[in-house]
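Numbers for residues simply follow the sequence, beginning at 1. Please read all numbers here as calculations on a predicted model, not as lab measurements.
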Amino acid sequence: MHVTGTHFTDRTDAGRRLAARLAHLGGPDTVVVALPRGGVPVAAEVATALGAPLDICVIRKLGVPYQPELGMGAIGEDGVRVLNEQVIRLAGIGDDQLAEVERRERAELERRARRYRGGRPPTDLRGRTVIVVDDGVATGSTAHAACRIVRARGAARVVLAVPVAPVDWTDRLAGVADEFVCVGTPSPFFAIGEFYGDFAQTGDEEVLRLLAEALDGRAPGPVGVDRELVLPAVGVRLAGRLTVPAAARGIVVFAHGSGSGRRSPRNRHVARHLNHSGLATLLFDLLTEAEEPDRRKVFDVGLLGDRLTAVAERLSTLDETRGLPLGLFGASTGAAAALHTAAALGPAVGAVVSRGGRPDLAGPDVLGRVLAPTLLVVGALDGTVIDLNRRALARLHCESELVVVPHAGHLFEEPGTLDQVAELAGDWFRRHLAPPEAGADRAPPTS
């Protein structure tokens, strides 16, 4: 099949569309095996549609050292190793370079396998039909390695299924599977992510959640509410997006930083992680479109904080969020606004998280009045902001912690670093967002 316009909203959408192509494979002897991490949300939809068990096959791409996205091979569980000799030759990769990349990736593979499996053995594949699922095929090295592994584990029939792949993907992978299934083979094809509206990295916590739900025989947790809304705040009306999972245990309001808003891909990535953890989220714009160019308002922490406070108070009147414990997540100048609101609302705020934030802009008086447990997360490469966060930490009298994420810059654009932020935030909010009655007697700090 040759398609020029294949496009998916996200991995969940891709999984549903792929599942429709695999209906003929449903049956008691079918197992769905995902390639973590990106293949797991896709495979979860396939497994749910087919009523099949979901397992994983941990694979690590061997990227060219100076161009990591270019795969020169892959390694997998059970010692499987697949090399692309053409890429290695054209890239001029020596044996020592290859060995160093493989050593590093093998360590990460073993870490992920231990974490994802949690001591459970792999599903018994002997004599069964195994559908190997990823979020797409590029060079084919990881898919090749996965098919070899499941075949070695006794699969009677191997089906390789992906939402998107190059036109010649079956030629590249001839012989590694008994059947190939793909929603679309666009041309030209440069990278898998270009065919997804949302191709944010899948975090470890999402992988663990989906595997746990599959193990328990449950479908992924439903979303009770997911809608755009307009919120009145101090004389203006602000646009936002409210997402409330069924049986939500709390709500986290996002305060965006300078030059950012409710459509920030980084905050949306963190919000999705929190939604999957059972937390509702509200992403909204602290400034109107007309105000955004005004740099004075971007850094007017009092204004931003007052608006955030008004919106947070408004949540207690909405049917979907009434009574939910409240958390605040701030980025850049939004971190100072979140602390401003935490000081203003006192025990009504259960926890605060700052990502690459400027908590120092809240000022010493505000910092000293914050009651909510506060987590400050900064990238290790963001030296100036680390120092500013340390100074702010010293002025907080509440429970507080500073975490420096290795190899991360100010925007956490480096591979895997934003996932670490999401996991840290999720852990902090789950730990501290107690029902209102449990935290209502918290006393103000003494100076």
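For E291, the side-chain hydrogen bond (donor to acceptor under 3.5 Å, both in side chains) test picks out T288, K297, R307, with sequence neighbours left out. Partners of Y116 according to the ring pair (Phe, Tyr, Trp, His ring centres under 6.0 Å) rule, which considers only residues two or more places apart in sequence or in another chain, do not exist here. Residues meeting the side-chain hydrogen bond (donor to acceptor under 3.5 Å, both in side chains) test with D29, sequence neighbours left out: none. Not a single side-chain hydrogen bond (donor to acceptor under 3.5 Å, both in side chains) links D134 to another residue, sequence neighbours left out. Annotation: side chain to side chain contact (heavy atoms under 4.5 Å, CB included) contacts of A52 (sequence neighbours excluded): T30, V32, L50. Take D178 and apply the salt bridge (charged side-chain N to carboxylate O under 4.0 Å, His left out) test, not counting sequence neighbours, and it matches R151. Residues that satisfy the salt bridge (charged side-chain N to carboxylate O under 4.0 Å, His left out) test with R153, not counting sequence neighbours, are E77, D78.
Residue pairs meeting the side-chain hydrogen bond (donor to acceptor under 3.5 Å, both in side chains) criterion with at least one partner in residues 317-329, sequence neighbours excluded, are R227-E320, D319-R322. Here side-chain hydrogen bond (donor to acceptor under 3.5 Å, both in side chains) pairs that include residues 156-165, with residues two or more places apart or in two chains, are R157-E179. Within the structure, every pair that satisfies the ring pair (Phe, Tyr, Trp, His ring centres under 6.0 Å) test and touches residues 408-428, not counting sequence neighbours, is listed here: W428-H432. Contacts classified as salt bridge (charged side-chain N to carboxylate O under 4.0 Å, His left out) and involving residues 91-100 (residues at least two apart or in different chains) are given here: E100-R103.
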Solution key, residues 420-427 side-chain donor-acceptor pairs under 3.5 Å, sequence neighbours excluded:
unit_1 : atom_1 : unit_2 : atom_2 : d
E423   : OE2    : D204   : N      : 3.2
D427   : OD1    : R430   : NH2    : 2.5

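D168 places no side-chain N or O within 3.5 Å of a backbone atom of D171 that could act as its donor or acceptor partner.
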